Amino acid sequence: MRARISQKFIAHPASLAAAFAAALMLAAPAAVAQTVEPKRTITVQGEGSVSAKPDTASVNAGVLAEAKTAREALSANTEKMTKVFDAIKSAGIKEEDIRTSGFSINAVYSHSPRKPDGSHEDPKITGYRASNNVTVIIRDLDNVGSVLDELVTAGANNVNGVNFFIENPQSLMDDARRIAVEDALRRATILAGTAGANLGPVMTISESGGYRPQPMMMRSMAMDESAKAVPVAAGTQEINASVNIVIELE
């Protein structure tokens, strides 16, 4: 009985060949679909720019002090730096806008003379230099010059520069992005029209660029304590955006 039942399920070679042929016919449309030509596209770049006046500034200043020992250099630096911090606070700068940005104590070496055989003597330590720098955020640009004056008067003898920036540039960045997209679409319309094609849907958009504060650099130098308030001009800053857009051509 079992032998007869199993014989009913033995596939005939002709049936296998027919099934294989049918599978090939079903797979044919998929193979044809893979040979469809890619869509025609155009890639364009757009630029956008917005000008605005900065509303905030940062000043980096500090004290350099030298002495024969590290302890003496640190004491001299601490004495002057304490006066600098007092001057910053008296200028109305909030504590959250005051940040120590650098502190170091380094040995000062003598220049080693050249020996008759051309070699140099080992350099010798002649003293120590203590450096302490602070970065101050100034939110009223009319006070930048007077703050610099107060810093120097209090004992700051190392001023590295003034940075002007826009504290919240997001809305201006968005305006620059819109202008960049409009510029890209304008260029695409001209190019496609000249080539006798019509623009289809936008396929991809990518962005590059951004906003960076623009510094007004001042050379690091020892400042004369009798100097007048420093004249500064914030000017305007450019906020730029750049986009790349891929558009299908109809």
Side-chain angles (χ1 to χ4, degrees), residues 17-60 96-97 99 101 135-145 160-220 231-250:
F20 181 71
L24 289 177
M25 294 179 64
L26 290 174
V32 172
Q34 293 178 357
T35 62
V36 175
E37 294 184 1
K39 296 179 179 180
R40 297 186 305 160
T41 62
I42 181 173
T43 302
V44 289
Q45 183 178 20
E47 305 288 341
S49 179
V50 177
S51 298
K53 292 183 177 180
D55 54 21
T56 314
S58 66
V59 175
N60 184 273
E96 56 265 29
D97 291 332
R99 176 175 57 86
S101 53
T135 298
V136 179
I137 303 299
I138 305 173
R139 302 188 182 280
D140 185 353
L141 297 188
D142 292 336
N143 294 335
V144 173
N160 296 312
V162 180
N163 245 356
F164 291 104
F165 60 95
I166 299 168
E167 186 173 17
N168 297 306
Q170 189 58 53
S171 61
L172 296 171
M173 273 299 305
D174 290 342
D175 291 339
R177 292 184 180 103
R178 294 186 186 95
I179 296 173
V181 172
E182 292 172 357
D183 181 51
L185 294 176
R186 178 187 62 82
R187 296 185 187 189
T189 301
I190 294 174
L191 294 173
T194 304
N198 295 319
L199 293 179
V202 173
M203 300 181 69
T204 63
I205 301 178
S206 60
E207 179 186 10
S208 60
Y211 168 68
R212 293 182 179 179
Q214 300 172 13
M216 183 191 75
M217 298 306 298
M218 301 172 60
R219 66 185 180 93
S220 177
V232 295
T236 59
Q237 296 189 352
E238 296 289 329
I239 298 177
N240 302 309
S242 178
V243 295
N244 288 296
I245 301 181
V246 179
I247 305 173
E248 183 181 346
L249 292 176
E250 294 180 347

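Note that these values count all heavy atoms, side chains included, but never hydrogens, waters or copies made by symmetry. Remember, predicted model here, so these are calculated numbers, not experimental data.
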Show the nearest heavy-atom pair for residues [X] and [Y], with the distance to one decimal.
X      : Y      : answer
Ile166 : Ala52  : CD1-CB, 3.8 Å
Asn240 : Ser49  : OD1-OG, 3.0 Å
Ala180 : Ala241 : CB-O, 3.8 Å
Ile239 : Pro169 : CD1-CB, 4.3 Å

Quick one: are Met203 and Thr41 in side-chain contact, heavy atoms under 4.5 Å?
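Yes, side chains in contact.
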
- Task: Would you please name every residue forming a side chain to side chain contact (heavy atoms under 4.5 Å, CB included) with Arg139, sequence neighbours left out?
- Result: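 If we apply the side chain to side chain contact (heavy atoms under 4.5 Å, CB included) test to Arg139, skipping adjacent residues, the hits are Thr56, Asp97, Ile137, Glu167.
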
Would you give the length of the straight line joining atom [atom1] of [X] to atom [atom2] of [Y], rounded to the nearest 0.5 angstrom?
X      : Y      : atom1 : atom2 : answer
Asn163 : Ile138 : CG    : CD1   : 11.0 Å
Arg177 : Leu172 : CZ    : CG    : 11.0 Å
Gln237 : Asp55  : CD    : CG    : 9.0 Å
Thr135 : Arg99  : OG1   : CZ    : 4.5 Å

Which pairs would a plain distance check flag for residues 242-250, meaning a side-chain donor or acceptor within less than 3.5 Å of a matching protein atom at least two apart in sequence or in another chain?
unit_1	atom_1	unit_2	atom_2	d
Ser242	OG	Gln45	NE2	3.0
Ser242	OG	Glu47	OE2	3.3

Got a list of side-chain donor-acceptor pairs under 3.5 Å for residues 192-199, not counting sequence neighbours?
unit_1	atom_1	unit_2	atom_2	d
Thr194	OG1	Ile190	O	2.7

Task: CA sep, side-chain torsions, deciding dist, call: Leu141, Phe164, side chain to side chain contact (heavy atoms under 4.5 Å, CB included) - done: CA-CA 9 Å; Leu141 297 188; Phe164 291 104; 4.1 Å; yes

- Item | From CA spacing to verdict: side chain to side chain contact (heavy atoms under 4.5 Å, CB included), Ser101, Asn60 | CA-CA 8 Å; Ser101 53; Asn60 184 273; 2.8 Å; yes

